[in-house]
There are 2 protein chains.
Amino acid sequence: MSNYRNIDVDQLARGFKALSHPNRLKIFLQLVSCCVPGTNCAADEVQECCIGDLGAALDIAPSTLSHHIKELHQAGLLQMARRGQRMDCRVDTDTLATLREFFEATS
Amino acid sequence: MSNYRNIDVDQLARGFKALSHPNRLKIFLQLVSCCVPGTNCAADEVQECCIGDLGAALDIAPSTLSHHIKELHQAGLLQMARRGQRMDCRVDTDTLATLREFFEATS
DNA sequence: TCGATAGTTCGACATATATCGAATATATAG
DNA sequence: CTATATATTCGATATATGTCGAACTATCGA
């Protein structure tokens with residue numbers, strides 16, 4: 001019945017909002033499909049997680065891309081760290097788990 | 001790697017967008033906690049699924065509530081049917097499953 | 001030091017969204 | 001038929017969002 005007593009509705013809504021725009025969702029899909037932490041990504045092969053790579057397929061301006069990445073970051077969906085000239089991005093698995101648990105609780 | 005080939009990104013984004021507003025998320029939470037189809041809801045007890053009930057805790061105008069319900073409906077998250085003066089709402093389990101599967105695929 | 005690469009910040013602008021109240025529709029009870 | 005309960009539609013309005021280009025910051029290489 002109510003597994004929902006302890007949900008932080010606003011936090012959850014922020015997560016959904018971050019994924020609610022097709023371009024941002026594509027960015028996130030790109031990220032989870034190449035470098036979920038813990039995934040066997042064959043190390044030297046496909047670790048293309050920098051911001052430019054995430055937006056390569058999107059045909060939007062760099063400033064717009066930067067804006068979307070920031071939204072995802074502020075929603076807690078991805079973490080960032082500088083690597084030389086680039087910014088490495090990776091999925092924040094805790095937030096992802098929170099969202100997943102919401103749907104598991106509805107079943 | 002990519003379990004994401006066949007995802008309809010726009011459809012998925014519409015689902016997330018519908019859940020991205022705190023009031024709409026609360027409405028949906030109310031709905032899933034009282035009448036997910038298949039749930040043992042003790043029939044005559046708590047079947048309070050009409051629109052007025054869904055918004056009872058929200059302190060928004062009826063027109064605003066109607067608007068949010070419509071958004072959830074158009075995103076495929078809930079189905080509606082008239083019952084006398086009232087509109088019965090119930091969760092659309094197919095759409096819900098689509099969203100859940102997205103998160104399951106990211107693990 | 002200078003130029004190139006990668007990303008960010010800012011201001012402007014168009015569009016979308018949330019909200020309300022008033023008017024309207026639909027159904028039931030007297 | 002009328003009054004009431006429930007919900008929707010419409011128009012107005014304030015705020016939020018997505019996008020761009022220009023200017024800026026940070027890092028690396030020659």
Side-chain angles (χ1 to χ4, degrees), chain A residues 9-31 34-35 46-90, chain B residues 9-31 34-35 47-91:
Chain A
V9 173
D10 290 334
Q11 159 69 17
L12 202 54
R14 274 192 291 275
F16 291 139
K17 173 173 258 175
L19 298 175
S20 74
H21 189 277
N23 282 344
R24 273 199 302 270
L25 184 52
K26 284 174 193 164
I27 290 167
F28 191 73
L29 280 167
Q30 177 73 25
L31 190 61
C34 81
C35 44
V46 207
Q47 290 289 9
E48 306 285 325
C49 308
C50 80
I51 289 183
D53 295 321
L54 289 174
L58 289 186
D59 193 36
I60 56 177
S63 54
T64 304
L65 178 60
S66 187
H67 164 74
H68 284 315
I69 300 275
K70 193 175 173 184
E71 295 279 312
L72 288 164
H73 176 63
Q74 289 177 342
L77 280 163
L78 65 81
Q79 296 172 346
M80 307 169 70
R82 184 167 283 281
R83 176 174 53 96
Q85 294 158 300
R86 312 191 173 195
M87 295 294 291
D88 267 345
C89 298
R90 61 190 185 84
Chain B
V9 174
D10 290 333
Q11 158 70 18
L12 203 53
R14 274 192 292 275
F16 291 139
K17 174 173 257 177
L19 298 175
S20 74
H21 189 278
N23 281 345
R24 273 197 303 268
L25 184 52
K26 284 175 192 164
I27 290 166
F28 191 74
L29 280 168
Q30 178 74 24
L31 191 62
C34 82
C35 44
Q47 290 288 11
E48 306 285 327
C49 308
C50 80
I51 290 184
D53 295 321
L54 289 174
L58 288 186
D59 193 34
I60 57 177
S63 55
T64 305
L65 178 59
S66 187
H67 164 73
H68 284 315
I69 300 275
K70 193 176 174 184
E71 295 281 310
L72 288 165
H73 176 64
Q74 288 177 342
L77 280 163
L78 64 82
Q79 296 172 347
M80 306 168 70
R82 183 167 284 281
R83 176 174 54 94
Q85 295 157 300
R86 312 189 175 195
M87 295 296 288
D88 266 345
C89 298
R90 61 190 184 84
V91 174

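Each chain gets a letter, A, B and so on, in the order the sequences are listed, and its residues count up from 1. Computed from a predicted model, the values in this text were never measured in an experiment.
- Every residue two or more places apart in sequence or in another chain was checked for a side chain to side chain contact (heavy atoms under 4.5 Å, CB included) with A:Gln85, and none qualifies.
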Show me the donor-acceptor pairs, under 3.5 Å and distance only, between side chains in residues 19-29 of chain A and residues at least two apart or in other chains.
{"residue": "A:Ser20", "atom": "OG", "partner": "A:Lys17", "partner atom": "O", "Å": "2.7"}
{"residue": "A:His21", "atom": "ND1", "partner": "A:Asn23", "partner atom": "N", "Å": "3.1"}
{"residue": "A:Arg24", "atom": "NE", "partner": "A:Ala18", "partner atom": "O", "Å": "2.8"}
{"residue": "A:Arg24", "atom": "NH1", "partner": "A:His68", "partner atom": "ND1", "Å": "3.1"}
{"residue": "A:Arg24", "atom": "NH2", "partner": "A:Lys17", "partner atom": "O", "Å": "3.2"}

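- Summarising the geometry, the separation between CG on A:Leu72 and P on C:dT8 is reported as 12 Å, rounded to the nearest angstrom.
- Rounded to whole Å, the distance from CG on B:Asn23 to P on C:dA18 is 9 Å.
- Atom CG in A:Asp59 sits about 14 Å away from atom C1' in D:dG18, given to the nearest Å.
- The side chain to side chain contact (heavy atoms under 4.5 Å, CB included) search around A:Met80 returns A:Ile51, A:Ile69, A:His73, A:Leu78, A:Met87, A:Cys89, not counting sequence neighbours.
- Between the CD1 atom of A:Ile60 and the C1' atom of D:dG18 there is a distance of 10 Å, given to the nearest Å.
- Taken from CG in A:Leu77 to CD in A:Glu71, the straight-line distance is 11.0 Å, to the nearest 0.5 Å.
- Atom CG of B:Asp59 has 12 or fewer heavy atoms from other residues, nucleotides or ligands within 6.0 Å.
- Atom CZ of B:Arg24 and atom C1' of C:dA18 are 9 Å apart (whole Å).
- Residues of residues 13-21 of chain B that place a heavy atom closer than 4.0 Å to DNA chain D do not occur.
- Among all heavy-atom pairs drawn from A:Leu54 and A:Cys49, the shortest one is CD1-O, 3.9 Å.
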Are any protein N/O atoms closer than 3.5 Å to N/O atoms in nucleotides 23-25 of chain D? If there are, list each pair with its distance.
none

When every nucleotide of nucleotides 6-12 of chain D is labelled 5' to 3' by its protein contacts under 4.0 Å (heavy atoms), B for base, S for sugar-phosphate only, - for none, what sequence of letters results?
-> SSBB---
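- Expressed to the nearest 0.5 Å, how far CD1 of A:Ile60 lies from CG of A:Leu65 amounts to 5.0 Å.
- B:Lys26 places its NZ atom 14 Å from the P atom of C:dA18, with the value rounded to the nearest Å.
- Atom-to-atom, CZ of A:Arg83 to C1' of D:dA26 comes out at 15 Å; the value is rounded to the nearest Å.
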